[in-house]
Asker: 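Mind having a look at this structure? Questions to follow.
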Amino acid sequence: MCMSHMVDLVIFGGTGDLSTRKLLPALYQLQRHQLADRLNRIIATGRGELDPESFRNEAHANLKKYLPQDSWDEAVWERFCQRLDYVKLDAGNAADYAQLAELLNQSEAPGRLYYLATLPSLYGEICQQLQNASVVNEASRVVLEKPLGHDLESCRSINEQVARVFDEEATFRIDHYLGKETVQNLLALRFGNQLFHPMWNNTFISSVQITVAEEIGVAGRGSYYADTGALRDMVQNHLLQVLSLVAMEPPASLKATDIRDEKMKVLRCLEPITGENVKKRTVRGRYGAGAVDGEAVKGFLEEDAFHHADNTETFVALKASINNWRWAGVPFYLRTGKRLSGRYSEIVIEYRRQSFSLFANDPQELTNKLVIHLQPQESISLHTVNKKPGLTSKLKLQPVELHLTDESQNKGDSYDAYERLLLDAVHGDQTLFMRRDEVETAWRWIDSIIGAWDENSTPIKSYNAGTMGPNAATALLAVEGHSWHE
Ligand code: BG6
């Protein structure tokens with residue numbers, strides 16, 4: 001094994017929820033797929049008094065719990081667990097970093113990847129402590145989990161503190177939606193097909209919808225969700241990142257800088273939502289009691305941790321406008337919420353109707369649509385029309401869905417977004433990570449909406465758990481002659 005490219009990975013928050021449910025399973029899978037050749041040791045840190053052996057035992061039990069059953073292989077685990085180590089570390093305690101440094105300095109791997117999965121308010125302190133302990137070198141990188149702040153100001157403050165220690169080229173800001181296969185497939189679809197590219201603009205497209213629907217509620221998220229709400233938790237990052245990939249201009253190349261430059265231009269062209277238009281452009285919702293998947297569930301305000309969070313939305317729908325040549329006049333409808341009727345994420349590109357129809361009784365609702373499903377199944381389908389078959393129906397139209405994904409490929413190669421992102425971070429590829437200006441520009445746009453909600457005391461509409469949000473979300477589109485793709 002050539003050590004010159006090897007990386008030691010240190011996970012802060014190494015016994016936390018994210019690490020247990022996502023990071024360690026993803027790292028195990030990389031090992032299983034023989035993609036962990038640049039990874040040397042994996043050092044989890046946490047506040048608990050654990051010796052490395054007990055940590056490995058816990059990791060063993062948790063991996064068995066969270067990995068798909070058919071992924072478990074005792075031989076892979078044997079190799080994986082040799083990389084695992086644990087250091088007790090309190091983010092504010094310099095002596096704990098000295099211990100970490102001792103461990104790192106024994107390693108032959110020159111690269112260091114610090115994965116921060118703690119409270120974001122600790123990011124600045126952790127970076128500073130790492131520097132004080134002299135464990136940041138030229139081959140060191142830092143990965144920052146979301147949420148990156150609560151608003152533009154707090155985001156800037158975190159970014160500034162981190163930047164005192166790590167250059168932008170060494171800073172990897174996670175948005176796990178960018179690691180999802182179909183989100184990356186957007187680039188292949190848009191720029192690899194002559195069929196779609198020439199029609200990807202306001203001459204042909206009438207609207208774009210992005211929906212991220214969740215069945216889960218917010219129980220167990222404690223005070224985080226009470227102070228956050230759906231706009232900050234989901235739109236600021238995941239939905240705006242997806243929007244910018246859908247809307248960006250062709251990049252000069254597939255290099256990280258070129259792609260991020262184009263995404264950034266989209267974010268800059270988002271028309272601000274302000275006190276003047278917020279009422280027409282946004283809907284806030286909060287789930288009340290209802291049933292999801294046949295099971296009765298409590299309303300948001302009935303959850304113990306959220307009694308007082310009556311200004312927190314669990315649903316948001318909004319109309320975004322991108323003021324540039326390609327997209328002027330095309331609404332981008334975004335919608336996300338908890339306790340909805342199903343768990344799915346999709347992008348719907350709706351094409352304009354033809355200016356004239358030859359067909360009698362042409363059903364007006366049959367527009368061409370490109371539907372890109374991000375999850376739970378990854379697939380792309382094109383909604384078109386053809387002739388209803390038969391002798392009796394002369395030239396009547398009927399909808400047909402063309403499936404553009406290769407099912408056989410799908411089965412063999414599905415992976416979790418964190419596997420992709422960890423692999424890229426180990427290899428130093430920033431393409432699927434957010435640059436500082438992107439995150440801050442997104443916050444600026446979100447802050448304006450929150451400011452407008454406060455200014456207008458925008459009410460939160462209630463919806464029953466197990467439905468697709470308040471009726472006002474349907475009306476948001478209906479007034480413009482559109483409807484949500486269901
Ligand atoms: C996280 C949000 O970023 O994304 C959660 O904080 C949300 O509230 C989660 O549940 C959704 O991710 P996924 O991959 O399950 O769609």
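Counting starts at 1 for both ligands and their atoms, in listed order.
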Asker: Run through all N or O atoms in ligand 1 and write down each protein N or O closer than 3.5 Å, as a pair with its distance.
Answerer:
from	atom 1	to	atom 2	distance (Å)
ligand 1	3 (O)	Lys146	NZ	2.7
ligand 1	3 (O)	His238	NE2	2.7
ligand 1	4 (O)	His238	NE2	3.4
ligand 1	6 (O)	Lys146	NZ	3.0
ligand 1	6 (O)	Arg221	NH2	3.1
ligand 1	6 (O)	Asp233	OD1	2.6
ligand 1	6 (O)	Asp233	OD2	3.4
ligand 1	8 (O)	Arg221	NH1	2.7
ligand 1	8 (O)	Asp233	OD2	2.6
ligand 1	8 (O)	Lys338	NZ	2.6
ligand 1	10 (O)	Glu214	OE1	3.4
ligand 1	10 (O)	Glu214	OE2	2.5
ligand 1	10 (O)	Lys338	NZ	3.1
ligand 1	12 (O)	His176	NE2	3.1
ligand 1	14 (O)	His176	NE2	2.7
ligand 1	14 (O)	Lys180	NZ	2.7
ligand 1	15 (O)	Arg343	NH2	3.3
ligand 1	16 (O)	Tyr177	OH	2.4
ligand 1	16 (O)	Gln375	NE2	2.7

Asker: Is Glu160 salt-bridged to Arg436, going by a charged N under 4.0 Å from an acidic O?
Answerer: yes
Asker: Would you give me the side-chain donor-acceptor pairs under 3.5 Å for residues 296-305, sequence neighbours excluded?
Answerer:
from	atom 1	to	atom 2	distance (Å)
Glu302	OE1	Gly299	N	3.2

Asker: So does Glu440 pair up with Arg173, basic N to acidic O under 4.0 Å?
Answerer: no
Asker: Side chains of Gln161 and Ser157: donor-acceptor distance under 3.5 Å anywhere?
Answerer: yes
Asker: Is the shortest side-chain N to carboxylate O distance from Arg435 to Asp261 below 4.0 Å?
Answerer: yes
Asker: Parallel, tilted or perpendicular: which fits the ring planes of Tyr418 and His176, with parallel below 30° and perpendicular above 60°?
Answerer: parallel
